[in-house]
Amino acid sequence: MQTESNISGLIYQLAKLQKYFLNQHLSDLDLNSDQAKVLTFVAAHPGTNQRQISIDLSRGPASVSNLVKRLIQQGLLEKQMAPHSDRERQLFLTETGKATATEVHELFQVLEKAFATNVRDPEALTQTLKQLLVALQ
């Protein structure tokens with residue numbers, strides 16, 4: 001499939017290249033893709049909890065707990081008691097976590113720019129890809 005030049009083969013090759021690019025740069029930040037997703041989610045939803053991350057990532061609670069523990073150990077996340085509950089803990093990015101989340105966001109911007117500048121009609125392609133996602137679900 002990798003050498004095929006049909007639409008699905010090309011999409012597959014692009015996805016592999018994107019994954020390679022992200023993994024290469026995320027490893028420089030001492031992150032894997034799931035850790036980057038957690039940072040991105042917490043950046044977009046400060047004060048969220050592990051349950052919400054679990055839902056967003058479609059991961060089990062134990063898996064998310066391990067991801068969060070590792071990010072806390074790295075000094076990127078911190079837990080705080082929720083003001084409305086004695087049991088719930090909210091997650092926030094540390095200053096280092098904010099800087100790292102910004103770097104992760106910039107990686108995605110580099111990819112977005114590479115795609116957008118090499119496609120004649122990015123909006124049309126985006127719409128077509130969305131239609132494909134719906135059709136394949």
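Heavy-atom contacts from other residues, nucleotides or ligands closer than 6.0 Å to CG of Leu133 number more than 12. Other residues, nucleotides and ligands contribute at most 12 non-hydrogen atoms within 6.0 Å of the CD atom of Glu123.
By the criterion of side-chain heavy atoms lying less than 4.5 angstrom apart, applied directly or through intervening Ile, Leu, Val, Met, Phe, Trp or Tyr residues, Phe21 is grouped together with Val104 in one hydrophobic cluster. One hydrophobic cluster holds both Phe108 and Val110 under the rule that ILVMFWY side chains link at heavy-atom gaps under 4.5 Å. Two different hydrophobic clusters hold Leu17 and Leu22 under the rule that ILVMFWY side chains link at heavy-atom gaps under 4.5 Å. Val119 and Leu129 fall within a single hydrophobic cluster, where Ile, Leu, Val, Met, Phe, Trp and Tyr are joined by side-chain heavy atoms under 4.5 Å apart, directly or via other members. Linking Ile, Leu, Val, Met, Phe, Trp and Tyr residues whenever their side-chain heavy atoms come within less than 4.5 Å places Leu107 and Val38 in a single cluster.
Lys79 is listed as a side-chain neighbour of Gln50, based on a closest heavy-atom distance under 4.5 Å. Proximity of Leu76 to Val42: side-chain heavy atoms (C-beta onward) are nowhere separated by under 4.5 Å. When side chains are defined from C-beta on, Leu57 counts as touching Leu67, because their heavy atoms get closer than 4.5 Å. For the pair Asp30 and Thr100, the minimum side-chain heavy-atom distance is 4.5 Å or more. Counting heavy atoms from C-beta on, the side chains of Met81 and Arg89 come closer than 4.5 Å. A heavy-atom distance below 4.5 Å is not found between the side chains of Gln35 and Leu26.
Atom CZ of residue Arg51 and atom CG of residue Asp56 lie 13.5 Å apart, to the nearest 0.5 angstrom. How far CG of Asn23 is from CG of Asp28: 11.0 Å, rounded to the nearest 0.5 Å. Rounding to the nearest 0.5 Å gives a distance of 11.5 Å between CD of Gln131 and CG of Leu136. Summarising the geometry, atom CG belonging to Leu39 is positioned 10.5 Å from atom CD belonging to Glu103; distances are rounded to the nearest 0.5 Å. One finds the CD1 atom of Ile55 at 8.0 Å from the CG atom of Asn49 (value rounded to the nearest 0.5 Å).
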Report the C-alpha distance between Leu125 and Phe115 in whole Å, list the side-chain angles of each, state the deciding distance to 0.1 Å, and finish with yes or no for side chain to side chain contact (heavy atoms under 4.5 Å, CB included).
CA-CA 10 Å; Leu125 179 59; Phe115 278 95; 5.7 Å; no
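The nearest pair of heavy atoms linking Gln90 to Pro83 is OE1-CD, 3.5 Å. Considering every non-hydrogen atom in both Gln52 and Phe41, the closest pair reads O-CZ, 4.0 Å. The two residues Ala101 and Ala43 have their closest heavy-atom pair at CB-CB, 4.2 Å.
Shown are Leu71, Asn66, Val64; of these, the side chain to side chain contact (heavy atoms under 4.5 Å, CB included) with Val68 is made only by Val64.
For Ser65 (side chain) and Pro61 (main-chain N/O), no donor-acceptor pair under 3.5 Å exists by modelled atom type.
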